[in-house]
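Heads up, the thing below is written out as C-alpha cells.
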2 protein chains.
Amino acid sequence: MTLKELSEQLNVSPSTISRVLNDKPGISSKTREKVLEAVKQTGFSLNYAARNLATSEPRFIGIIGRKRGGQQDSIFFHHSMAQFEEYFEHSEYQCVNLSVYKEEVDFTGTPLSVSDFAGFIVRGQSFPVRTILTLKQTGVPIILLENKLSETNLDHVVCEDRQIAFDLTKHLIDRGYKKIVHITGPESWYNNRERIAGYIDALTQAGLKSEILSMEDTTVDTGSEAFERLQPNKLEHLGIMMVNDAMAIGFLDTARKRGFLVPSDIGVTGFDDIPWARLAYPPLTTARVFIEQMGKLAAGRLMQMIEDPDSRPIAIRVPGEIIIREST
Amino acid sequence: MTLKELSEQLNVSPSTISRVLNDKPGISSKTREKVLEAVKQTGFSLNYAARNLATSEPRFIGIIGRKRGGQQDSIFFHHSMAQFEEYFEHSEYQCVNLSVYKEEVDFTGTPLSVSDFAGFIVRGQSFPVRTILTLKQTGVPIILLENKLSETNLDHVVCEDRQIAFDLTKHLIDRGYKKIVHITGPESWYNNRERIAGYIDALTQAGLKSEILSMEDTTVDTGSEAFERLQPNKLEHLGIMMVNDAMAIGFLDTARKRGFLVPSDIGVTGFDDIPWARLAYPPLTTARVFIEQMGKLAAGRLMQMIEDPDSRPIAIRVPGEIIIREST
DNA sequence: TTGTAGGCGTTATCAC
DNA sequence: GTGATAACGCCTACAA
C-alpha cells in the first residue's frame, strides 16, 4: 500500500499522513489520531527507497570488522553486535554488518553505497590504518570500538587496557612468581601496545626485568605455540601475563600436557573473561572486560555524532575488573 | 554523482548508461566500453533507493534468529552469518541481521519493510512456529537452517541429527557404560526431538532401557544443573549422551568438582564440536557438525528459490562426524 | 491546519 | 542502438 492509496481511504492528502508519520508539527490532534489509527489497522509502512530518495537521508549504520575466521573473536562479535542492534532497534536506523575478510571496505556490486550510511562502527584491531582513514574521508561519522588511532582524532571506546594489564601483572608479582613474562600478539594492535605498557609499568615499579614474547596472532593455537617457544622449566617459577583468554587457554592446555602444574609450577592470567575462562582447567584468572557496555556506549556516541556532526571527537574508557581464579 | 551528470560528461543518455550497468542487450560494444571505463574512473555507483523505487525489486536478505543472550549460540551465529555474508558479498543482495530477543519479527519504526526482502534465512530452534508461518505468508522465500517444520513444507538445511545421535549413543554402549542417559533441552526444538529418536534407536537395538532428562535450556549452566539433578553415583558407571557441547562442558566441570573421574566413573559425549570441546578437561568426545557448509548450502538454496519462485521445497541433510576424545 | 505540485535518481516503454 | 519521457512513492516548499 502507498501513501496515496491510504490517503484516499482516509479522505486526507498524502502529505498529511506523511507529516503525521514523521512527527511534523501543525497537524490537528484529531487528524493525527485518525491517521495513526488507520496506519495501525492497515499495517502500513513507508517505503524506504522512496523515502530515502526524497530526503536522501541515510538510514544505515555500518558495522565493520575484519573477519579472521578464528573462534576467539566470535563472542566479542556476537555480544557487541547484539548491543548495536538493540540500540538501533526501532530507531530510524538499520544496522548492517559489513565485516570483510579483506582489508578494504568495498561497495562495488553491492546494493548499498557509502551514501546510504549515517555512521560506521569499526570493531577491533585487525584493520589497517589506511582503510580506516579512507573511510574517514567519506565524511560519515565513525567510531572505533576496542581501538584507537594515533594518526588522527577519531572517537573511540576502549577499555582501560593499560591499567588492567598493570593490575594483572601486579597480581602475578604479588603471588610471588619469580620471572614474569608477557605473551602478546601483533604490536600493530592498539590494545596490545597498551597492555605491554601496563605490564612494563608494573615490572618497573617492582624493580623486575621484563620479557615479552610476541606472537603473530592471539588464538588458542598461538597460545599453545607460545608454550613451545618458551620452553619453560619448573625451576623458573614463571608467571605468564597473556594478552587474552583464548591464548591463555591454549597455553594452559599445552602446559598440562607437558606435565606442568598450574598454578604451582606456572601461573597464568588471561584477559577478557570470555565465558570459557571459568571452565578452563584450572579456571583462569583474568580480567573482565565489559564488552556489552562498551558496545552500547559506542552506539550511543555514534548517535550523538550523527545528530551533531560538529561535535569534537572524544575518548570513552571503560574500566575492567580483575577476576582471580585458580590459575594463579 | 547521478546518472544524468555522468551522461552529460559522456554525451550519451542516462538510459544508455543504465542499460550498460544492468547488462541489458542492445548496446554497441564501443559505447559499452566507453561507459564502463568512465564508471571505473569516476567510481560512480547507482543509487540504491532510486533503483529500488523504479524496479521495486527487493535487495535484502534477512537473517533471522532469536537472541537468547547465552554464549553457546555465538559460535554458530558467527560462523553461519559469515557464510551468508560471504555468499552474498558482491551479489546484488545485502544481508541484514534481523535477529530479535522477542518472538516476532517486527518492522515498525524500522527503515526497512517486508517488501525490501528477497528472502529470509531463519536460523535455529528458538522461534515459535507461529512466527515462521506469519513470515511465510508474506510470500517471500524462506529457508530454515538447523530446523524443520512439520506444520508446513519449508525448505530446510539440517544435519543428520538422528543418525549422529545414534552413533554417539552406540559409541557409549560400545565403551561398556552400564546405564546410558540422554540429557536434552526443550522438546519443542526439532533437533532435540531428532536426537532423542537417535538415542532411542541405539538403546532399542542394544536392548537397553532409555532414560531422558529434559532441561529448560541447553547452556553450560543447565549442563551443570543436570549433574545436580541426576545425582549420579559411581557404581552406576553412567554414560551421558548430551544434546550439545556447551551442556557437556558444564556437566564435566561439575562432575570434576564433585570428585568424579571422567571417563572411568562417567562417560560424556557432546554434540557440535565447538572449538572449546577439545580444550575441555578431559577433551570432549563429540560429533562435528559442519555448520559453515550448512550455512553456505542454505544461502545457495535460497538464491535458487529467489530465482525460481516455483521450485518445490527440498530438504538438505548434512552428515556429521564422530570425534572420539578422552571423555569416553 | 491542510492540500498541491515538483523533484529525488533510476528503470521501462516507446519512439526514432 | 540510442534518446526522450513517464512512472516509482515519498517529502517539502508554497499555496490556500
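As a basis for the values below, the full set of heavy atoms in this structure was taken, side chains included, without hydrogen atoms, waters or symmetry mates. Within every chain, numbering begins at 1; the chains are lettered A, B, ... in the order of the sequence lines, protein sequences first and strands thereafter.
Atom NZ of A:Lys34 is separated from atom P of C:dT1 by 15 Å (rounded to the nearest Å). One atom, CG of A:Asn11, and another, P of C:dT2, lie 13 Å apart when rounded to the nearest Å. The interatomic distance linking B:Asn47 (CG) with C:dG9 (P) rounds to 7 Å, in whole Å. Put simply, CG on A:Leu46 is 17 Å from P on D:dC8, counting in whole angstrom units. Rounded to a whole Å, the CZ atom of B:Arg59 is 14 Å from the C1' atom of D:dC8. When the P atom of C:dT2 is taken as reference, atom CD1 of A:Ile27 falls 5 Å away, rounded to whole Å. A:Tyr48 places its OH atom 14 Å from the P atom of D:dC10, with the value rounded to the nearest Å. Rounded to a whole Å, the CD1 atom of B:Ile17 is 16 Å from the C1' atom of C:dA12.
Applying the 4.0 Å criterion to OP1 and OP2 of D:dG3, one finds that B:Thr16 has a side-chain N or O inside that range. Contact annotation: B:Thr31 side-chain N/O to D:dT2 OP1/OP2 distance is under 4.0 Å. B:Ser28 has a side-chain polar atom (N or O) that falls below the 4.0 Å cut-off from OP1 or OP2 of D:dT2. Between B:Arg51 and the phosphate of C:dG9, there is no side-chain N or O to OP1/OP2 separation shorter than 4.0 Å. Checking the phosphate oxygens (OP1, OP2) of D:dG9, no side-chain nitrogen or oxygen of A:Thr2 falls inside 4.0 Å.
With A:Leu154 as the fixed residue, the side chain to side chain contact (heavy atoms under 4.5 Å, CB included) test singles out one of A:Ile314, A:Leu133, A:Ile143, A:Ile132: A:Ile132.
For the pair A:Arg59 and A:Glu92, the salt-bridge criterion is met [side-chain N within less than 4.0 Å of a carboxylate O].
Heavy atoms of B:Phe44 sit under 4.0 angstrom from primed sugar atoms or phosphate atoms, though from no base atom. Base contact: B:Leu3 has a heavy atom under 4.0 Å from a base atom.
Less than 6.0 angstrom separates the ring centroid of B:Phe60 from the ring centroid of A:Phe60.
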N/O to N/O distances under 3.5 Å, protein versus nucleotides 12-16 of chain D:
residue, atom, partner, partner atom, Å
D:dT12, OP2, A:Lys24, NZ, 3.4

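Note that CG of B:Leu53 and CZ of A:Arg51 are 14.0 Å apart. Values are rounded to the nearest 0.5 Å.
Looking at every heavy atom in both residues, A:Asp155 comes nearest to A:Arg312 through OD2-O, 4.3 Å.
By the 30° and 60° cut-offs, the orientation of the rings of A:Phe117 relative to A:Phe107 is tilted.
Using a distance-only test at 3.5 Å, with no hydrogens or angles considered, no donor-acceptor pair links the side chain of B:Asn52 to the main chain of B:Ala49.
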